[in-house]
Protein chains: 2
Amino acid sequence: MQNSEAMALSAALLAVAGELTQRINDGVVARGFEGMRPAHGFAFARLAPNGATVTDLAAHLGVTKQAASQLVDEIVRKGYAERRPHPDDARARLVVLTGRGWACTRAAEEAAADAVRAWVDVLGEGEVRAMLGQLARIAPCGPIRPTW
Amino acid sequence: MQNSEAMALSAALLAVAGELTQRINDGVVARGFEGMRPAHGFAFARLAPNGATVTDLAAHLGVTKQAASQLVDEIVRKGYAERRPHPDDARARLVVLTGRGWACTRAAEEAAADAVRAWVDVLGEGEVRAMLGQLARIAPCGPIRPTW
DNA sequence: CGAAATGGTCAAGCAGGTTGACCATAGCTT
DNA sequence: AAGCTATGGTCAACCTGCTTGACCATTTCG
């Protein structure tokens, strides 16, 4: 495979990823969750199952724990999450989503589904599902790094 | 297609895009082009063919022209580009890549090819090429927005 | 028990972006 | 040709998100 093809693939992938991010965020905001940024969505993805500590979150986002702590301050102040004492470790604090945080997460899922539906209209459901399979096999396990 | 599938697809796509960005940038730096950030790569992609004005670049990157001008200052200072008078418009200045700028662009292509090769090892060339075709059909035409 | 490691926060600084103001040149309308 | 408006570009001030560095509380291990 030629360098130019690799570059074309990279450009297309990054363009699609950028637009997807934009669409999800726009969709979330349009559903009434103002002041949300894409980084919040990545945080929610980590918090959603069972909550997480600030340090966990920092590792997941690929930033310092101070930055993660600031981000938690923000989503707590806006009512999307709260800090609870950690059941097993008196040093740590477990950050969990509030009801509003869950609602926002569902809004993000809906927005993502809308964006994907647009792809299904162009490619058909089979190809989109195939793409999911392919991407899942090459997706890294490490931290989600929105670093660009 | 369910919301959860759409979310999984989105997460995989963003994870792959994030890692690709990281790998390309690391590869560029490893090839001797220090101090480069992913945003520079997006700028080079626009400058490469025939140069561009600061305003063009700003539209392409989705930032203000002041921000684009600062970025041009930086790549000029580092020797990757230069500002030349615009042939048709005395107000405008055409930003073009220098030899070093072209070398950096080629390094980025090589790094991208390395990253794609890793995918070919997992998926096979056919599926990677199929992915290119699919992505090309859903890629937006608007500005590349690394906004997240 | 005491030393080192870990979870978390506070404070200061930096980097990259934004808004606002401004100048020079183009282009259009008379 | 004259004048108004639009466009390309830069300078300056500010804002936001993240980093580094210092520090305290608690846990873990020798």
Side-chain angles (χ1 to χ4, degrees), chain A residues 18 21-22 25 29 34-44 46-47 50-78 80-96 143-148, chain B residues 18 21-22 25 29 34-44 46-47 50-78 80-96 143-148:
Chain A
T21 303
Q22 189 77 27
N25 200 64
V29 172
E34 294 180 20
M36 298 307 281
R37 284 172 292 119
H40 296 132
F42 290 100
F44 281 29
R46 180 70 184 79
L47 297 178
N50 292 307
T53 65
V54 165
T55 300
D56 288 341
L57 201 54
H60 182 250
L61 297 176
V63 298
T64 61
K65 54 185 183 174
Q66 291 92 324
S69 187
Q70 282 184 359
L71 194 143
V72 170
D73 283 344
E74 189 181 346
I75 62 179
V76 166
R77 179 163 29 85
K78 291 180 176 170
Y80 295 105
E82 57 187 12
R83 294 185 216 250
R84 313 198 61 194
H86 195 287
D88 302 335
D89 188 336
R91 295 170 303 178
R93 308 170 70 174
L94 196 61
V95 181
V96 297
I144 304 275
R145 320 182 110 262
T147 319
W148 71 18
Chain B
T21 303
Q22 189 78 27
N25 200 63
V29 172
E34 295 178 21
M36 298 306 281
R37 285 172 290 120
H40 296 132
F42 290 99
F44 281 31
R46 181 67 184 81
L47 296 177
N50 292 307
T53 66
V54 165
T55 299
D56 287 341
L57 201 53
H60 181 250
L61 297 177
V63 299
T64 61
K65 53 186 183 174
Q66 291 92 324
S69 187
Q70 282 183 358
L71 194 143
V72 169
D73 283 343
E74 187 181 348
I75 63 179
V76 166
R77 179 163 29 83
K78 292 181 176 169
Y80 296 104
E82 57 186 14
R83 294 186 216 249
R84 313 197 60 193
H86 195 288
D88 302 335
D89 189 335
R91 296 169 303 178
R93 307 171 72 176
L94 196 61
V95 181
V96 296
I144 305 274
R145 320 184 111 261
T147 317
W148 73 20

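Atom set for the values below is all heavy atoms of this structure, side chains included, hydrogens, waters and symmetry mates excluded. Here is how names work: the chains are called A, B, and so on, in the same order as the sequence lines, proteins then strands, and each is numbered from 1.
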Pairs touching residues 34-44 of chain A that satisfy salt bridge (Lys or Arg N to Asp or Glu O under 4.0 Å), sequence neighbours left out: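 Pairs touching residues 34-44 of chain A that pass the test: R37(A)-E74(A).
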Tell me: [atom1] of [X] to [atom2] of [N], nearest whole Å?
X	N	atom1	atom2	answer
L57(B)	dT10(D)	CG	P	11 Å
K65(B)	dT18(C)	NZ	P	13 Å
L61(A)	dC18(D)	CG	P	9 Å
D73(A)	dG7(C)	CG	C1'	15 Å
R84(A)	dG8(C)	CZ	P	15 Å

Is S69(B) close enough to dT10(D) that one of its side-chain N or O atoms is under 4.0 Å from OP1 or OP2 there?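 For S69(B), the contact criterion (side-chain N or O under 4.0 Å from OP1 or OP2 of dT10(D)) is met.
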Out of [options], whichever nucleotide has its closest atom nearest the side chain of [X]:
X	options	answer
T64(B)	dT9(C), dT19(C), dG8(D)	dT19(C)
R83(A)	dG17(C), dT9(C), dT10(D)	dT9(C)
R93(B)	dG8(C), dT9(C), dG9(D)	dG9(D)

Just verifying a value: how many Å separate F44(A) CZ and L57(A) CG, rounded to the nearest 0.5 Å?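 Answer rounded to 0.5 Å: 10.0 Å.
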Answer with base, sugar-phosphate or nothing: what part of the nucleic acid does T55(A) contact at a heavy-atom distance below 4.0 Å?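 Answer is sugar-phosphate: T55(A) comes under 4.0 Å of backbone atoms only.
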Looking for any heavy atom pair under 4.0 Å, which part of the strands does A67(B) touch: base, sugar-phosphate only, or nothing? base
Return the minimal non-hydrogen interatomic distance between [X] and [Y], and the atom names on each side.
X	Y	result
V29(A)	M36(A)	CG2-O, 4.2 Å
V96(A)	G51(A)	CG1-CA, 4.0 Å
A43(A)	L71(A)	CB-CD2, 3.8 Å

Does the side chain of T21(B) come within less than 4.5 Å of N25(B)'s, by heavy atoms? no
How would you list, by chain and number, every residue that makes a side-chain hydrogen bond (donor to acceptor under 3.5 Å, both in side chains) with T53(A), sequence neighbours excluded? D56(A)
side-chain hydrogen bond (donor to acceptor under 3.5 Å, both in side chains) with K65(A): which residues, sequence neighbours excluded?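 Scan of K65(A) (side-chain hydrogen bond (donor to acceptor under 3.5 Å, both in side chains), adjacent residues dropped) gives none.
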Would you list the atom pairs, donor with acceptor, under 3.5 Å between side chains in residues 86-95 of chain A and any protein atom, with sequence neighbours excluded?
unit_1	atom_1	unit_2	atom_2	d
H86(A)	ND1	D88(A)	N	3.0
H86(A)	ND1	D89(A)	N	3.4
D89(A)	OD1	R91(A)	N	2.9
D89(A)	OD1	R91(A)	NE	3.2
D89(A)	OD2	R91(A)	NE	3.4
D89(A)	OD2	R91(A)	NH2	2.9

Five-pair end axes of the helix from dC1(C)-dG30(D) to dT30(C)-dA1(D), angle between them (10°):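 Helix axis angle between the two ends: 30°.
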Kindly give the atom pairs (protein nitrogen or oxygen, nucleotide nitrogen or oxygen) under 3.5 Å for nucleotides 11-16 of chain C.
unit_1	atom_1	unit_2	atom_2	d
dG16(C)	OP1	R37(B)	NE	2.9

V72(A): which of R77(A), R83(A), E82(A) passes side-chain contact (heavy atoms from CB on, under 4.5 Å): R83(A)
Can you sort out the partners of R84(B) under salt bridge (charged side-chain N to carboxylate O under 4.0 Å, His left out), two or more places apart, ordered by chain and number? none
Nucleotide by nucleotide, nucleotides 24-30 of chain D touches protein heavy atoms under 4.0 Å in the pattern (B base, S sugar-phosphate only, - none) -BBS---
